Trainee: 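Have a look at the structure that comes next, please.
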Amino acid sequence: MPANSSLLILHPRLFLFLARPPVPAAAFHTYVHRFPLPFSSASTYSRPLSASYPALPISANFRARHSSSSSAASSDTFNPNLNETSNSGARSGSRSSPPVIDAVEKIDVNPPKGTRDFPPEEMRLRSWLFQNFREVSQLFGFEEIDFPVLESEALFIRKAGEEIRDQLYCFEDRGNRRVALRPELTPSLARLVIQKGKSLSLPIKWFAIGQCWRYERMTRGRRREHYQWNMDIIGVPDVIAEAELISSIVTFFKRIGITSSHVGFRVSSRKVLQEVLKCYSVPENMFGKVCIIIDKLEKVPLDEIKKELRSAELSDTAIDELLQVLSVKSLAKLEEKLGATGEAIADLKQLFSLAEKFGFSEWIQFDASIVRGLAYYTGIVFEGFDREGKLRAICGGGRYDSLLSTFGGDDIPACGFGFGDAVIVELLKEKGLLPELNPQVENIVCSLDPDLQSAAAGVASILRGKGQSVDLVLENKPLKWVFKRAARINARRLVLVGNAEWQKGMVGVKVLSSGEQYEVKLDELE
Ligand code: HAM
């Protein structure tokens, strides 16, 4: 019920402002730009990264103690011999509190190196990303799970010499347990599956979004903490599970505007390596180690790789053959080399055939050099990459049919992927696809008189009760300030509680995009 004529009897501050010309939507942008937020929406993600390669967090002393630490770690009994600098020379394991340093006057306001704060504009971007992760997972019928960020260190220690082990944030807690901040989610998933045991009905389709910690050399898109979206299928031995997973990532990419001309998946199978190693009678227990060595092919000089392979009991002929096979980029060529009968070829052919049915053929390509850097993969492995080759892997995953048994559970076929939050933001930035995410609130409610503060709070409660979001002005602010704030938070309308209207059981409303203004009875305020 527009009531421009009644403006004259309104509170003078309300009159002045309601009588202003409407503020067109475009002008709100001007407001926002005139009063910019201190960070751009990409600032945290684009913060320049140090190229220095810091010392690893694990001391030699620490490592030397590790083998005997797990039994001590399970003990909750207080050890009086354990003082503040016991064993490792660090304070971990101590039951005393951190020392109070009197001299500290100012704290470093930056978060620890390689970690991020998430002020609102960064949080909006993160929430948008996670919302898409969640919606895609749910679209594919996956249920969300989570685990503690702090896990038992033993969960992440594998023998194969993975880089991830050296990047572990690990310490002894006050109960002398060896613990670690999780560097990935898969071991926790395996732990939970074993813990739930027979109560789970297979197949399980679970997804998680969680923060992971790796003391990593920082490059573009690689940091010391990152969030990972994981989707895993437990209990399906067939390659259709891998196809379903890749299809879900493709669905995610399409949703956020990334096409197959921007990114692709390199796909192979660890069974390719297994078949080659079998030909050369390399012991099975060397398999994980060989995969980890091969994964470093692009980062480490070839001579070094060969040296490491020799130490993993491979002959020079086996090494040459292996390196040749790894350079193969087509399935037909691989078939020529390995023959048509092996499981590697069968799985890969099936995946490519399923890709056609799922409709993501143009996204995937065979590349025998993809082995991945985690020891537990046993079959198909894949990595998402940007076609311009500017960024590190966007995501990666594969089949890990034996991980559960390495933790003492029954072997259950499993596959999944991890997708980080950092590289994808870099890619969206590169392609100009970062969404514009502004704060959004439906109403801003303000009293025009200090005596009406509580009345305004009541109006806010009424609106919130009707499901409308309200930013209540909590102090007695000039209307100029209220309008600026309304523009900054993209409020749809301004609800003003002034004396004259309040006497009549009414409030003044201004629709900020159109300038429409009216008085409305409190019980008719929608
Ligand atoms: P991953 O390849 O180590 O696999 O990590 C998966 C993804 O996490 C990477 O492709 C990248 O997007 C992101 N990521 C990893 N490290 C960092 C880092 N330091 N900074 C920023 N992003 C990072 C795994 O973690 C497996 N657990 C994935 C998996 C799940 N396999 C089966 N299920």
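Keep in mind that this is a model prediction, so the values were computed, not measured. Whatever order the structure lists them in is the order used to number ligands and atoms, beginning at 1.
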Trainee: When you look for heavy atoms under 4.0 Å from ligand 1, do you find them on the side chain of R372, its backbone, both, or neither?
Mentor: side chain
Trainee: Quick one: does any side-chain atom of S361 pair with a main-chain N or O of E356 as donor and acceptor, under 3.5 Å?
Mentor: yes
Trainee: Tell me the nearest of L185, V423, T219, D232 to atom 33 (N) of ligand 1, using heavy-atom distances.
Mentor: D232
Trainee: Name the orientation class of the two ring planes belonging to Y400 and Y377 (parallel below 30°, tilted from 30 to 60°, perpendicular beyond 60°).
Mentor: perpendicular
Trainee: Checking R191 against F407: charged group under 6.0 Å from the ring centre and within 45 degrees of the axis?
Mentor: no
Trainee: Is the closest basic N to carboxylate O distance between D401 and K271 below 4.0 Å?
Mentor: no
Trainee: Heavy atom under 4.0 Å from ligand 1: found in F417's side chain, backbone, both, or neither?
Mentor: backbone
Trainee: Taking the ring centre of each residue, are F130 and Y227 less than 6.0 Å apart?
Mentor: yes
Trainee: In terms of ring plane angle, is the pair F419 and W229 parallel, tilted or perpendicular, where the classes change at 30° and 60°?
Mentor: tilted
Trainee: Should G420 be counted as touching ligand 1, given the test is an N or O pair under 3.5 Å?
Mentor: yes
Trainee: What is the nearest protein non-hydrogen atom to atom 14 (N) of ligand 1, stated with its residue, atom name and distance?
Mentor: H226 NE2, 3.3 Å
Trainee: Please identify which atoms of ligand 1 are closer than 4.0 Å to at least one heavy atom of T186.
Mentor: 26 (C), 27 (N), 29 (C), 30 (C), 31 (N), 32 (C), 33 (N)
Trainee: For G221, counting its heavy atoms only, list the atoms of ligand 1 lying under 4.0 Å from any of them.
Mentor: 20 (N), 21 (C), 22 (N)
Trainee: Distance under 4.0 Å to a non-hydrogen atom of A393: what atoms of ligand 1 satisfy this?
Mentor: 10 (O), 11 (C), 12 (O)
Trainee: Among all the protein's non-hydrogen atoms, which is closest to atom 24 (C) of ligand 1, and how far away is it?
Mentor: L374 CD1, 3.5 Å
Trainee: What are the atoms of ligand 1, with element, lying closer than 4.0 Å to any heavy atom of G396?
Mentor: 10 (O), 28 (C)
Trainee: I'd like to know if K431 and E388 make a salt bridge, using a cut-off of under 4.0 Å between side-chain N and carboxylate O.
Mentor: yes
Trainee: Starting from atom 6 (C) of ligand 1, what is the nearest protein heavy atom, named by residue and atom, and what distance separates them?
Mentor: G418 O, 3.4 Å
Trainee: Going by the angle between their ring planes, with limits at 30° and 60°, are F133 and F252 parallel, tilted or perpendicular?
Mentor: tilted
Trainee: Considering non-hydrogen atoms of the protein only, which is the closest contact for atom 31 (N) of ligand 1, and what is the distance?
Mentor: Y377 OH, 2.6 Å
Trainee: Is R158 salt-bridged to E184, cutoff N-O under 4.0 Å?
Mentor: yes
Trainee: Is the backbone N or O of E343 less than 3.5 Å from a side-chain atom of E275, with the two atoms forming a donor-acceptor pair by type?
Mentor: yes
Trainee: Look at atom 20 (N) of ligand 1 and say which protein heavy atom is nearest, naming residue and atom and giving the distance to 0.1 Å.
Mentor: R223 N, 2.9 Å
Trainee: Could you tell me whether ligand 1 has any atom less than 4.0 Å away from a heavy atom of I394?
Mentor: yes
Trainee: Considering only heavy atoms, does Q228 approach ligand 1 within less than 4.0 Å through its side chain, its backbone, both, or neither?
Mentor: side chain
Trainee: Any side-chain heavy atom of K337 within less than 4.5 Å of one from K333?
Mentor: no
Trainee: So which heavy atom in the protein is nearest atom 10 (O) of ligand 1, and how far is it from that ligand atom?
Mentor: C395 CA, 3.2 Å
Trainee: Just distances here: any N/O of E216 and N/O of ligand 1 closer than 3.5 Å?
Mentor: yes
Trainee: For ligand 1, does I164 get within less than 4.0 Å through its side chain, its backbone, both, or neither, judged by non-hydrogen atoms?
Mentor: neither
Trainee: Does Y376, backbone or side chain, put an N or O under 3.5 Å from an N or O of ligand 1?
Mentor: yes
Trainee: Identify the closest protein heavy atom to atom 16 (N) of ligand 1: which residue and atom is it, and at what distance?
Mentor: R214 NH1, 3.1 Å
Trainee: When you measure from the centre of the six-membered ring of F118, is the NZ or CZ of R126 under 6.0 Å away and within 45° of the axis?
Mentor: yes
Trainee: Is a salt bridge present between E430 and K390, judged by a nitrogen-to-oxygen distance below 4.0 Å?
Mentor: yes
Trainee: Name the closest protein heavy atom to atom 9 (C) of ligand 1, giving the residue it belongs to and the distance to 0.1 Å.
Mentor: R222 NH2, 4.0 Å
